[in-house]
Amino acid sequence: MKVPSTCISTHSPAFNFILTHSIKSPITTMSSVAIVIYSRNGHVAKLAEAEKSGIESVGGQATIYQVAETLSEEIVAKTGAVKMDYPIIKANDLTKYDGILMGIPAYYGGLPAEIKAFWDSTGHLFAKGALWHKHGGAFIVNGSLGSGQEAAFYHLMSTYTHHGIIFVPLGYKHAFSQLTNIQEVHGGSPWGAGSLTVCPPFASVIIVRLRDEFAQSSDGSRQPSTLELELANIQGRTFYQAMTGVKESDE
């Protein structure tokens, strides 16, 4: 039997139950992404800016953070590191965001100590499940085509899995032509965008063809190319679309 609405007090448990289960509150806040990087020479930072632009191109918000340095200022100065102006992230900052994109330089196919130290500081979040079902992705800079980019993703996946973070890869759907481009040397994979900081010595045929762009020594002077920045932009855009359920185009 239908109960007249006048019989239910607006202060009663019955009214609160009906209100809670029949009215879905509209989403009034814009979804946001924390882009967390470690960038000593600026390569990862440039990719991060392209990722941020991709997110913003589909109406999202993103903030770029850097993890704290573990080396002393004296040692960092001797490495010739580029000073970054991004805020230093704290573990609790992650709880404010819907998605997390990590920008990582691969070290021996793994994560640098600075990235590892940051995630090691999130134990209290793990204990509470505070990052459960947030979305996560990554983009990785490495020295050459065979220097452990995918292995670095594997290392990150373990951390994401323990926190219950849903990994969103770049994939091929929106970046097939860019990822399969063999006319120029480039980083990136279906796992995520990326860049090569030195010219692979074993890619001699391509180097001869593109000598002016890629004939550089192993000093890290090569910066992300237009193609690599395009991949990062695509990843930022499609990561946000996957995270929010925004309709994707078939481009």
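FYI, side chains are in, hydrogens and waters are out, and symmetry mates aren't considered; it's all heavy atoms of this structure.
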- Show your working on salt bridge (Lys or Arg N to Asp or Glu O under 4.0 Å) between Lys46 and Glu51 and close with a plain yes or no. CA-CA 9 Å; Lys46 289 183 178 179; Glu51 298 265 356; over 6 Å; no
Counterpart residues, side-chain hydrogen bond (donor to acceptor under 3.5 Å, both in side chains), relative to [X] (two or more places apart):
X	answer
His155	none
Ser158	none
Thr159	none
Tyr160	none

- Item | Aromatic plane relationship, Phe126 with His163 - under 30° parallel, 30 to 60° tilted, over 60° perpendicular | perpendicular
- Please work out which of the three classes, parallel, tilted or perpendicular, describes the rings of His135 and Phe239, given edges at 30° and 60°.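 Plane angle over 60°, so perpendicular.
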Can you list the other members of the hydrophobic cluster that holds [X], where links are side-chain heavy atoms under 4.5 angstrom apart?
X	value
Leu227	none
Phe176	Leu170, Tyr172, Leu179, Leu231, Ile234
Leu71	Ile75, Val76

Mind checking side chain to side chain contact (heavy atoms under 4.5 Å, CB included) for [X] and listing every partner two or more places apart, or none if nothing turns up?
X	value
Thr161	none
Ala62	Val33, Ile35, Lys52, Ile55
Thr244	Ser31, Tyr240, Val246

- Query: Partners of Tyr86 by ring-ring contact (aromatic ring centres under 6.0 Å, His included), sequence neighbours excluded?
  - Reply: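 Here no residue qualifies.
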- Query: Going by atom types alone, do Gln178 and Glu230 pair a side-chain donor with an acceptor below 3.5 Å?
  - Reply: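 Distance-only check passes for Gln178 and Glu230.
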Cut-off 3.5 Å, no hydrogens considered: what does the side-chain donor-acceptor table look like for residues 110-118, sequence neighbours left out?
| from | atom 1 | to | atom 2 | distance (Å) |
| --- | --- | --- | --- | --- |
| Glu114 | OE2 | Tyr38 | OH | 3.4 |
| Glu114 | OE2 | Thr70 | OG1 | 2.8 |
| Lys116 | NZ | Asp120 | OD1 | 3.0 |
| Lys116 | NZ | Asp120 | OD2 | 3.4 |

- Under the 3.5 angstrom rule, does the side chain of Glu228 hit a backbone N or O of His186 as a donor-acceptor pair? no
